[in-house]
2 protein chains.
Amino acid sequence: MEPASPDPGEQPWSIRLRAAGLRVTQPRLAVLDVVDSAPHLSADQITAGVRSAIGAVSTQAIYDALNTLTEQGILRRFEPAGSSMRFEVSVGDNHHHLVCRSCGSVRDVPCALGSMPCAIPQETEGFVVDEAEVTYWGLCADCVSASTPE
Amino acid sequence: MEPASPDPGEQPWSIRLRAAGLRVTQPRLAVLDVVDSAPHLSADQITAGVRSAIGAVSTQAIYDALNTLTEQGILRRFEPAGSSMRFEVSVGDNHHHLVCRSCGSVRDVPCALGSMPCAIPQETEGFVVDEAEVTYWGLCADCVSASTPE
DNA sequence: CACCTTTTCTGGAATCGTTCAAGAAAAGTC
DNA sequence: GACTTTTCTTGAACGATTCCAGAAAAGGTG
């Protein structure tokens with residue numbers, strides 16, 4: 001085993017961890033693998049994935065890893081209203097999310113708002129903006145068809 | 001007392017409640033007054049405001065009022081990541097929010113993304129979008145100056 | 001390679017915000 | 001004024017996340 005590498009051609013996680021000044025630990029590698037293989041998972045789901053990959057790990061270790069990795073910009077965290085935290089590997093493209101009101105599923109959408117006004121830091125009466133987060137709410141294809149009579 | 005009316009010239013809350021098929025109760029009127037007088041409050045803060053206005057009210061009554069009023073479109077609820085629910089009187093302008101990463105304060109911003117792409121329902125691979133929510137993250141003026149050395 | 005310092009993980013409890021559930025009270029109807 | 005339905009009270013439950021103290025592991029150093 002030991003994928004421990006995001007993708008052939010990319011730097012293995014261990015390198016990215018060291019580059020961020022973080023120690024390379026089993027839980028962190030496992031968290032990265034799980035999040036990389038399935039974006040938008042909750043802490044709970046990530047915990048399950050990590051445990052099935054490397055055995056017993058404390059809940060705290062997962063949260064610690066998620067928080068640390070997020071702080072270092074390796075993961076990106078978001079939290080649609082009514083949902084718990086969700087994570088994805090940070091790729092720096094500032095894409096946005098479609099969230100299904102019915103089943104809570106999340107889908108990525110490229111930042112398609114014209115010429116990305118959302119990436120442009122603005123200033124509003126002294127308020128310094130560093131990020132614009134867009135969440136599209138609606139129904140996913142499955143839930144649409146499930147709710148349609150015919 | 002008994003403001004019970006959003007604004008001179010606007011319909012009193014009782015009318016709006018009845019129009020929505022809801023009974024007119026003290027807790028609901030008080031919730032509306034509090035939210036109207038200070039947008040972006042949390043359920044907790046609203047509870048405090050309501051209690052100081054009409055005396056003892058159960059926490060549950062507040063949550064019930066908030067949920068019901070939100071369902072009926074009289075209030076608008078939003079929930080910046082890391083924060084609890086926040087409420088404002090729904091005015092139908094689909095404005096957005098600036099959220100301070102440091103102190104959590106919220107400020108309204110008009111939907112200024114060009115010609116409001118955010119209000120235009122899109123469809124993406126069967127995903128039917130009915131709302132676009134934009135959250136700007138950054139630092140409010142106070143926190144900016146507090147964090148600046150000089 | 002053994003040692004040492006620092007970071008990270010374990011285990012368990014605590015916390016916050018929100019919801020659930022059953023019965024009492026109030027609103028609106030006839 | 002009695003009746004039906006909605007709303008409120010009380011009190012417990014719940015999920016997600018964090019806090020804490022001590023044990024274990026990571027990785028630099030001699």
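Throughout, protein chains are lettered first and strands after them, A, B, ... in sequence-line order, and every chain is numbered starting at 1.
Residues B/Arg107 and A/Phe127 are in side-chain contact: their nearest non-hydrogen atoms beyond the backbone lie under 4.5 Å apart. Residues A/Leu17 and A/Arg23 form no side-chain contact, since every pair of their non-hydrogen atoms from C-beta on lies 4.5 Å or further apart. Looking at A/Arg101 and B/Asp130, their side chains come closer than 4.5 Å, going by heavy atoms from C-beta outward. Within the 4.5 Å cutoff, the side chain of A/Ile46 has heavy atoms near those of the A/Ile62 side chain. Between A/Val31 and A/Leu66, the closest side-chain pair of non-hydrogen atoms falls below 4.5 Å.
Within residues 58-81 of chain A, the residues that have a heavy atom under 4.0 Å from DNA chain C are, in order of number, A/Ser58, A/Gln60, A/Ala61, A/Asp64.
In terms of the side chain to side chain donor-acceptor pair (under 3.5 Å) criterion, residue partners of B/Ser83 (sequence neighbours excluded) are, by chain and number, B/Arg86. For A/Arg77, the salt bridge (Lys or Arg N to Asp or Glu O under 4.0 Å) criterion is met by no residue, not counting sequence neighbours. Applying the ring-ring contact (aromatic ring centres under 6.0 Å, His included) test to B/Phe78 and every residue at least two apart in sequence or in another chain returns B/His40, B/His97.
Inter-axis angle, ends of the helix from C/dC1-D/dG30 to C/dC30-D/dG1, five pairs per end, rounded to 10 degrees: 30°.
For B/Glu88 and B/His95, the side-chain atoms include at least one donor-acceptor pair closer than 3.5 Å. No side-chain N or O of B/Thr68 forms a donor-acceptor pair with one of B/Glu71 less than 3.5 Å apart.
Annotation: of the two residues near DNA chain C, B/Val24 and B/Ser84, the 5′-most nearest-nucleotide partner is B/Ser84. Ranked by how close their nearest DNA chain C nucleotide is to the 5' end, B/Ser83 and B/Arg23 are led by B/Ser83.
The interatomic distance linking A/Gln45 (CD) with D/dG15 (C1') rounds to 14 Å, in whole Å. Atom CG of A/Asp44 and atom C1' of D/dT17 are 11 Å apart (whole Å).
Below the 3.5 angstrom threshold, one finds no donor paired with an acceptor across the side chain of B/Arg28 and the base of D/dT7.
Note that the first and last nucleotides of DNA chain C, 5' to 3', having any atom under 4.0 angstrom from a heavy atom of chain B are C/dG17 to C/dG28.
Residues B/Trp137 and A/Leu75 are members of separate hydrophobic clusters, defined by side-chain heavy-atom contacts under 4.5 angstrom among Ile, Leu, Val, Met, Phe, Trp and Tyr.
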